[in-house]
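See below for the structure under consideration.
Side chains included, hydrogens not; waters and symmetry mates left out as well; all remaining heavy atoms used.
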Amino acid sequence: NDAISEYAVTFDSGSNVDAGLTRGFTVTAKDQYGNVVDTATAAVTLTAGPASGFTVSGSAGSGSVSLSSGVAHFTVRGTVTGNYTFYAHRSSDRSNNTASGVYTITPAPLDHFSYSGISNFSAGSSITVTVTARDAYNNAVTDSSGLALTLGDDTGGKLGISGSVSGGATETLPSSGQVSYDISSD
């Protein structure tokens, strides 16, 4: 029986990848018994769910490739961290829509820091500044523990800076990749 029952989606090299890296996906046309339908040549579409932050075989969010002997190969690149499911179906009529397992995009290596809470403030007042480790795609880097971050005072000592560790403005980033500083003005 050449009837396609599903389009099986497999990850060519594991289900976890750093943001920005490209991975291969394979879609295989299968019959109701799980056998490859090697006569299948239709175009198949692979879509990321949710689609934002992905390119699939060069197209934003989803891409189409023709089956060859029942198999289609896709390249996928994601830049937004999170857990995703991919869906494969025949391009012409969206039939045999099949979901993949969970594909996880993790942060790329540390690229820069973002700061929030920075504003003008007057003598005698204080603000809290939060510093977050970020990758090149602006995802929070959650595996940055062990990195030291120092907040400097170039006002000639007019600012009092303290972090969550008492006694100074140098912090070792926790696994969350985020640290807050309390800043007061004399």
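What you find for Arg134 and Ala140 is that their closest heavy atoms are NH1-N, 3.5 Å. In plain terms, the two heavy atoms of Val65 and Ala72 that are nearest each other are CG1-CB, 4.0 Å. Heavy-atom minimum distance, Ala108 versus Ala19: CB-O, 3.6 Å. In this structure, Arg77 and Tyr137 approach most closely via the heavy-atom pair NH2-OH, 3.1 Å. Scanning both residues, Asn83 and Val102, for their nearest heavy atoms gives CB-CG1, 3.7 Å. Between Pro109 and Asp18, the closest heavy-atom pair is CD-OD2, 4.3 Å.
Between the CG atom in Asn138 and the NE2 atom in His112 there is a gap of 4.0 Å [rounded to 0.5 Å]. Between Leu21 atom CG and Ile105 atom CD1 the span is 8.5 Å, to the nearest 0.5 Å. If you take OG1 on Thr28 and CD1 on Ile4, they are separated by 11.0 Å, rounding to the nearest 0.5 Å. In this structure, CG on Asn139 lies 7.0 Å from OG1 on Thr79, to the nearest 0.5 angstrom.
Within the 4.5 Å cutoff, no side-chain heavy atoms of Tyr7 are placed close to those of Leu46.
With hydrogens and angles ignored, the 3.5 Å screen pairs no side-chain donor or acceptor of Arg23 with any backbone N or O of Val76. Here the side chain of Ser91 pairs a donor or acceptor atom with the backbone of Thr45 at under 3.5 angstrom. Judged by distance alone, with hydrogens and angles left aside, the side-chain atoms of Ser100 form no donor-acceptor pair with the main-chain N or O of Thr85 at under 3.5 Å. A distance-only check finds a donor-acceptor pair linking the side chain of Ser57 to the backbone of Thr75 [under 3.5 Å].
A donor-acceptor pair shorter than 3.5 Å cannot be found between the side chains of Ser69 and Asp38. In this structure, a donor-acceptor pair under 3.5 Å is absent between the side chains of Asp12 and His73.
Applying the ring pair (Phe, Tyr, Trp, His ring centres under 6.0 Å) test to every pair with at least one member in residues 77-101, sequence neighbours left out, gives these pairs: Phe25-Phe86, Phe54-Tyr84, Phe54-Phe86, Phe86-Tyr103.
By the rule that hydrophobic residues join a cluster once side-chain heavy atoms approach within less than 4.5 Å of another member, Val80 and Phe11 end up as members of one cluster.
With sequence neighbours left out, Ser62 forms a side chain to side chain donor-acceptor pair (under 3.5 Å) with no residue at all.
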